[in-house]
Amino acid sequence: MPELPEAETVRRGLAEILAGTKIEGLEVFHPRTARYQNGGSAQLTQQLSGAHLDAVVRRGKFMWTLTSNGQALMMHLGMSGQFRPLAKQAGEAPVRHERARLYLSGGPAQSLSFIDQRTFGALYLSPTANTEDGAPAGCGSDSLLLPAGASHIARDLLDPHLDLVKVNQRIRKSKSPIKNVLLNQSIISGFGNIYADEALFVAGVHGARSASTLTRQQVAQILQAGIEIMERSLSRGGTSFDQLYVDVNGSAGTFADELLVYGRAGQACRECGHELSSISLNKRSHVYCANCQRPSRNLK
DNA sequence: CGTTAGACTCGGGCAA
DNA sequence: TCTGCCCGAGTCTAAA
């Protein structure tokens, strides 16, 4: 599922395909893909046609490119979104699950298909404003222009302008389970269910523990683990469990075989051999080792 | 304001 | 073999 490493892998591929190109046309095959767009598919098509595209930028799981009409084209993968340059001609029937298609000039690809089985992904235009901290809005460009559609998204763990000290404090102000806080994209962005579970395991912290009961050092360990795991995953193209996540070339990431807890409930802990447990937190599964991650106190 | 539950979607997996 | 229910992902919206 696309979390930060997967989104960054896609961003790098998209940057080569989109940066510096002109959108000659656009087709939207499924209205849900444009559900966040004012005026829906028709307005998205009308406003994007003829637009020139800048670099592809990412903050957390949110991606966008600045357009020559002064807005940002938001591109979110949701849980199953894929961008593929399939060299389609205008009017050609959509492939299975193809929700939208851009026609491009001035770049290496003549078309770019957005394929999204579950339709949690989205394409829409958003106005922009300079970042409040005066630093670049995200990874991929030096521009300060941050889309309104991503203004509620915190900087992510691979962002050099992230203030780790402030994030640490913010996390410890919450009484919610630490796992839920890690998934809150307005506090720290980029985590999804996979990397949150992995980081908590490495730090030896049970996900149900109230964030406010953790020490500064424990939270720092969780964040540091998140950085290292996401960097390692990124170097392997991310995590693919099924064909729902692939890069722009259709290739799967290979990090799944390095996962320590996610998807391994009932199997042996790779650290101590104890059988891994699973509980539900906020309707999301949390896999952990009851021996390495103590619910009340961290003894590791 | 912080927090939580519900809604959305659909194919794989499993139960009946 | 066929039917049908449940699960799970990320994010937005509504609500207490």
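Sequence lines set the chain letters: A, B, ... in the order given, protein chains first and strands last, and positions in each chain run from 1.
Remark: side-chain polar atoms of Asp133(A) are paired, donor with acceptor, to backbone N or O of Ala135(A) under 3.5 angstrom. Of the possible donor and acceptor atoms, none in the side chain of Arg232(A) sits under 3.5 Å from a partner among the backbone N and O of Phe255(A).
Linking Ile, Leu, Val, Met, Phe, Trp and Tyr residues whenever their side-chain heavy atoms come within less than 4.5 Å leaves Leu77(A) and Phe29(A) in two separate clusters.
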Using the 3.5 Å cut-off, write out each protein N or O paired with an N or O of nucleotides 2-4 of chain B and the distance between them.
unit_1, atom_1, unit_2, atom_2, d
dT3(B), OP1, Ser174(A), OG, 3.2
dT3(B), OP1, Lys175(A), N, 3.4
dT4(B), OP2, Ser176(A), OG, 2.8

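Nearest nucleotide to the Arg118(A) side chain, out of dG8(C), dG11(B), dT11(C): dG8(C). The nucleotide whose nearest atom lies closest to any side-chain atom of Phe62(A) is, among dG11(B), dG8(C), dC12(C), dC12(C).
Close to dA9(C), at under 4.0 Å from its OP1 or OP2, lies a side-chain N or O of Tyr262(A). Taking 4.0 angstrom as the limit, His76(A) places a side-chain polar atom (N or O) nearer than this to OP1 or OP2 of dT11(C). Between His30(A) and dT9(B), a side-chain N or O to OP1/OP2 separation shorter than 4.0 Å is absent. Side-chain nitrogen and oxygen atoms of His152(A) include at least one within less than 4.0 Å of the OP1 or OP2 phosphate oxygen of dC12(C).
Rounded to a whole Å, the CG atom of Asp116(A) is 13 Å from the P atom of dG10(C). Atom-to-atom, CZ of Arg32(A) to C1' of dC8(B) comes out at 5 Å; the value is rounded to the nearest Å. Put simply, CD1 on Ile188(A) is 13 Å from P on dT11(C), counting in whole angstrom units. Here the C1' atom of nucleotide dC7(C) and the NE2 atom of His286(A) are 19 Å apart, to the nearest Å. At whole-Å resolution of the value, CG in Leu244(A) and P in dC7(C) are 19 Å apart. Separating the CZ atom of Arg99(A) from the P atom of dC8(B) is a distance of 17 Å, rounded to the nearest angstrom. In this structure, Leu183(A) places its CG atom 14 Å from P of dC12(C), rounding to the nearest Å. Remark: P of dG8(C) and CZ of Phe120(A) are 13 Å apart, rounded to the nearest angstrom.
The residues Arg12(A) and Asp247(A) are annotated as not salt-bridged, no charged nitrogen and carboxylate oxygen being separated by less than 4.0 angstrom. Salt bridge Asp163(A)/Arg155(A): absent, no basic N to carboxylate O contact under 4.0 Å.
When the nearest nucleotides of DNA chain B are assigned to Gln117(A) and Lys283(A) by heavy-atom distance, the more 5′-ward of the two goes with Lys283(A).
Taking the six-membered ring for Trp, Tyr288(A) and Tyr262(A) have ring centres at least 6.0 Å apart.
Figure legend: Arg32(A) and Phe120(A) shown as a cation-pi pair, the cationic atom lying under 6.0 angstrom from the six-membered ring centre and within 45 degrees of its axis.
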